[in-house]
Amino acid sequence: MSLYDHRYDVFPQTRAVMRQRKWYNWRDNKFHSLVPPEQGLTGPIYTSIAYAFNTAQEAAEIFSGERSGYAYPRISRGSPTIDTLAQKLVELELEDRQLTSEYDALLTASGMSAITLVALTFADRGRSIVSSPYLYGGTYHLFEEFLPRLGIECIMIDDPCSLDSWRKGIAKAKHPALLYAEDDANPMLIKLNNEAIQELAHSHGLLYACDRTIGTPVLEKPLLAGTDIVVHSLSKNMGGHSHALGGAIIGRKRLVTQIRESYFPVMGPVMDARVADCILKGLETLEPRILQKVTNAKYVISLIKNHPRIKHIYGPGGDLFAFEINGTLEDARCVIESLELIVFAPHLGDIQTLAIHPASTTHSRIPKETREKLGITDTLIRVSIGLESPYDIAYDITSALNGLT
Ligand code: PLP
């Protein structure tokens with residue numbers, strides 16, 4: 001019986017915080033006794049990277065993957081701190097407690113390493129990925145340049161909102177294995193229909209993996225509807241305070257184990273326990289942060305949308321939106337440099353409002369012609385809304401736009 005059990009029928013957010021406290025209850029291993037439940041309000045951080053075995057049999061079983069346990073972070077489950085975060089992510093994505101035992105999460109050093117592992121594991125040996133072209137710049141670059149060098153074909157379809165376009169991509173691919181998309185596609189924030197895409201994938205015997213960094217599990221939980229793999233950059237909203245870089249791959253145990261036992265131990269992009277602890281702290285406030293930021297984003301859009309210098313607004317997708325200005329590349333740069341409250345930074349998902357000019361930063365390595373076809377023009381500015389007053393955020397954007405001659 002936990003200290004908090006009598007409070008279990010309270011608000012959903014409080015329940016989420018209480019689940020976090022399961023740190024003290026759900027593990028039954030030798031570390032447990034080191035932390036008397038009544039003492040700390042936050043859990044300990046297990047920084048050890050090596051764990052002693054009790055018997056040779058136990059060592060052999062952990063190494064072969066027959067038994068779950070700790071040994072060394074690249075080749076086993078990491079540490080109790082890493083495991084606590086992994087368990088928490090599975091619960092956030094699935095909610096339904098009965099299902100959580102069938103799923104697992106693998107934590108990685110960054111979102112990019114999570115995406116690379118998924119691609120390498122499920123499309124190696126000459127297989128193909130069929131992907132939406134609306135991707136974070138790093139992912140686009142991985143798919144367009146680096147994976148083809150390894151013999152992995154990546155087909156970028158024209159329109160991820162059209163199932164016909166996905167079908168054409170599958171038909172064009174030599175050995176299709178994986179469909180891939182960001183479902184709040186960055187930075188144009190095009191919302192995709194995960195259920196329809198995964199049905200199509202499954203009808204062709206393919207897997208569907210989806211980057212859910214932007215929406216977070218607060219806004220949608222596609223694993224519940226049958227998506228095979230969800231990846232996250234935990235560096236964004238999940239951590240939420242720009243204090244920790246990390247990634248996660250969440251899916252059915254069989255698929256996650258395949259990654260854990262193939263490229264993960266040889267590449268070694270492990271997450272540090274201190275980082276996992278920072279992300280755990282961030283997750284405690286995930287739901288209220290996201291809900292407030294989504295409200296703020298809608299409000300800011302309503303306040304700026306009629307400005308004569310704004311040509312078009314994309315989104316909001318979660319707490320993000322992007323706007324195209326009437327003007328030139330120089331004008332866009334001038335607007336972003338004139339912002340006073342909003343921080344000009346290559347990042348999103350913080351509690352502070354951030355802005356970026358994708359054409360000269362996150363998406364600058366995509367050839368201009370392709371970039372413009374994707375709608376990422378020279379005058380597009382992406383905004384990641386924070387928790388400041390929406391009036392102040394809107395005032396900052398409007399003042400910067402008014403400053404254009
Ligand atoms: N996916 C999306 C949607 C992103 O925006 C980013 C980074 O901005 C990544 C993945 C990569 O994550 P990380 O920076 O943690 O490697």
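First listed ligand is number 1; within each ligand, the first listed atom is number 1.
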* Have H232 and N237 got a donor and an acceptor in their side chains that come within less than 3.5 Å? -> no

* Electrostatic pair E369:K373 at N-O distance under 4.0 angstrom -> no

* Structure fact -> CG (D331) and CD1 (I336) are apart, to the nearest 0.5 Å, by 13.0 Å

* Who passes salt bridge (Lys or Arg N to Asp or Glu O under 4.0 Å) against D211, sequence neighbours left out? -> none

For ligand 1, what N or O to protein N or O distances fall under 3.5 Å?
from	atom 1	to	atom 2	distance (Å)
ligand 1	1 (N)	D211	OD2	2.6
ligand 1	5 (O)	N186	ND2	3.3
ligand 1	8 (O)	K236	NZ	3.1
ligand 1	12 (O)	S233	OG	3.1
ligand 1	15 (O)	G111	N	2.9
ligand 1	15 (O)	S233	OG	2.8
ligand 1	15 (O)	S235	OG	2.6
ligand 1	16 (O)	G111	N	3.1
ligand 1	16 (O)	M112	N	2.8

* Structure fact -> Residues at least two apart in sequence or cross-chain that pass salt bridge (Lys or Arg N to Asp or Glu O under 4.0 Å) with R365, listed by chain then number, are none

I'd like a table of donor-acceptor pairs (distance under 3.5 Å, sequence neighbours excluded) in which one partner is a side-chain atom from residues 218-226, with atom names and distances.
from	atom 1	to	atom 2	distance (Å)
E220	OE1	K191	NZ	2.8
E220	OE2	N194	ND2	3.1
K221	NZ	L92	O	3.1
K221	NZ	P217	O	2.9

